[in-house]
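For reference, the structure is listed below as structure tokens.
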There are 2 protein chains.
Amino acid sequence: MADFIGTHQGKLDAKGRVSVPAAYRASLKTGSTSGNTAPTAPAPLYLRPSHKFPCLEGFTEKAFARLEEELNKLPEFSDEHADLATAIYSEAIRLEADKEGRIVLPAELIGHAGLNEGGIAFLGKGKTFEIWDASTAERRKIEARERAAALHFTAPGVVH
Amino acid sequence: MADFIGTHQGKLDAKGRVSVPAAYRASLKTGSTSGNTAPTAPAPLYLRPSHKFPCLEGFTEKAFARLEEELNKLPEFSDEHADLATAIYSEAIRLEADKEGRIVLPAELIGHAGLNEGGIAFLGKGKTFEIWDASTAERRKIEARERAAALHFTAPGVVH
DNA sequence: CGGGATTTCATGGGAGTCAATGGATTTACA
DNA sequence: TGTAAATCCATTGACTCCCATGAAATCCCG
């Protein structure tokens, strides 16, 4: 079932902090392997720069583990394994929200996604989500809609 | 089996709330994956902007899950998967009715469908339904009727 | 078959709660 | 001891929940 749905607007403050949308916080907890539901339990979240877009990809602990499974399908000492491992781990970062539900984005990731204090957007992608500059996100949504339509997606009520 | 049938009028209040037609509420519960029939059980409902018309498309949990199945047919790390996931999830929203059976429509969706406090219409579409501005829905019906009539007029063998 | 009583819906408004944000203060570390 | 980072605190505003009223359909009983 879908964990992350919808677009949520947010702001980056001078310290590089962002509020994780309230709608996402519960999913981050259920997506944690600990399954701890205590209010004080930290909800770990993984971020990595997207290869395809100027945005950040966000994962729950479980979703990030799926990347690792993908990695383990490759021969352990192959070049592919080494490359993928580097790609997955070297640029990723594990974050925990503070008491107010905010995370601090490293300058490197802020740069990759072109984020500024003018507004950022969380885009739900089901099992994962993305963090975009707000105005860039709008363009991306239009593009995704058009390209999805080109797939001749025929399910009821979707993109035609 | 058809869950949503008929046209139901409603009103948008100053807070963006609408009563879900009583005839739809039972279907929303049976369409929930939890299958919980307790009176207190929330009846989740998914809305997304239509790309074809200025209206909103409504899904039960099960109906929305069918969209996800469509998505899962695509290779997990392909461009197509990314596009479709963004198209499906980033613009959708998951809602639960309050104790009075009302839902709150986000401003973005209200804008897309051109809804105002002058009245809205729920149109049953079988497994799904649509939410329209009442007068726009009426105009669309008239337009569809006229165009259908024009087609018949020029169709071979039709005499008036 | 009526007419009143009852329940279910629809709708409006108000108060409390929580999320989001900005800033201050303390801690860690060079 | 200076600088950066993490934690804590406070305020605003939005949203949720709750109750209250009115209308309409249904039921029940004479």
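Quick note on labels: first sequence line is chain A, next is B, and so on, each numbered from 1.
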Review point. B:Asp98 CG to C:dT11 P: how many Å, rounded?
Key: 13 Å
Check your understanding: Is the number of heavy atoms from other residues, nucleotides or ligands under 6.0 Å of A:Lys141 NZ greater than 12?
Key -> yes
Practice item. Using atom types as modelled and distance alone, determine if a side-chain donor or acceptor of A:His112 lies under 3.5 Å from a backbone N or O of A:Arg48. Key: no
Check your understanding: Looking for any heavy atom pair under 4.0 Å, which part of the strands does B:Asp13 touch: base, sugar-phosphate only, or nothing?
Key -> sugar-phosphate
Practice item. Round to a whole Å and report the spacing from CZ of B:Arg25 to C1' of C:dC9. Key: 7 Å
Check your understanding: Within the side chain of B:Arg94, is there an N or O that forms a donor-acceptor pair under 3.5 Å with the backbone of A:Asp3?
Key -> no
Review point. Atom CG of B:Leu105 to atom C1' of D:dC15: distance rounded to whole Å?
Key: 14 Å
Check your understanding: C:dA10 C1' sits how many Å from B:Phe122 CZ, rounded?
Key -> 12 Å
Practice item. Find the distance A:His8:NE2 to C:dA19:P and express it as a whole number of Å. Key: 13 Å
Check your understanding: OP1, OP2 of C:dG23 versus side-chain N and O of A:Arg102: anything below 4.0 Å?
Key -> no
Exercise for review: Identify whether any heavy atom of B:Val20 sits under 4.0 Å from a base atom; if not, whether one sits that close to sugar-phosphate; answer base, sugar-phosphate or nothing.
Suggested key: sugar-phosphate
Point to revise | Whole-Å gap separating C1' (D:dT16) and CD (B:Glu96) | key: 12 Å
**Study point:** Gap between atoms NZ and P, on B:Lys11 and C:dC9 respectively (whole Å)
**Key:** 19 Å
Check your understanding: Looking at D:dC17, does its base get a donor-acceptor pair with the side chain of B:Glu100 below 3.5 Å?
Key -> no
Exercise for review: Please work out which of the three classes, parallel, tilted or perpendicular, describes the rings of A:Phe122 and A:Phe129, given edges at 30° and 60°.
Suggested key: tilted
Study note, to complete from the structure: In whole angstroms, the gap separating C1' of D:dA5 from CZ of A:Arg17 amounts to 11 Å
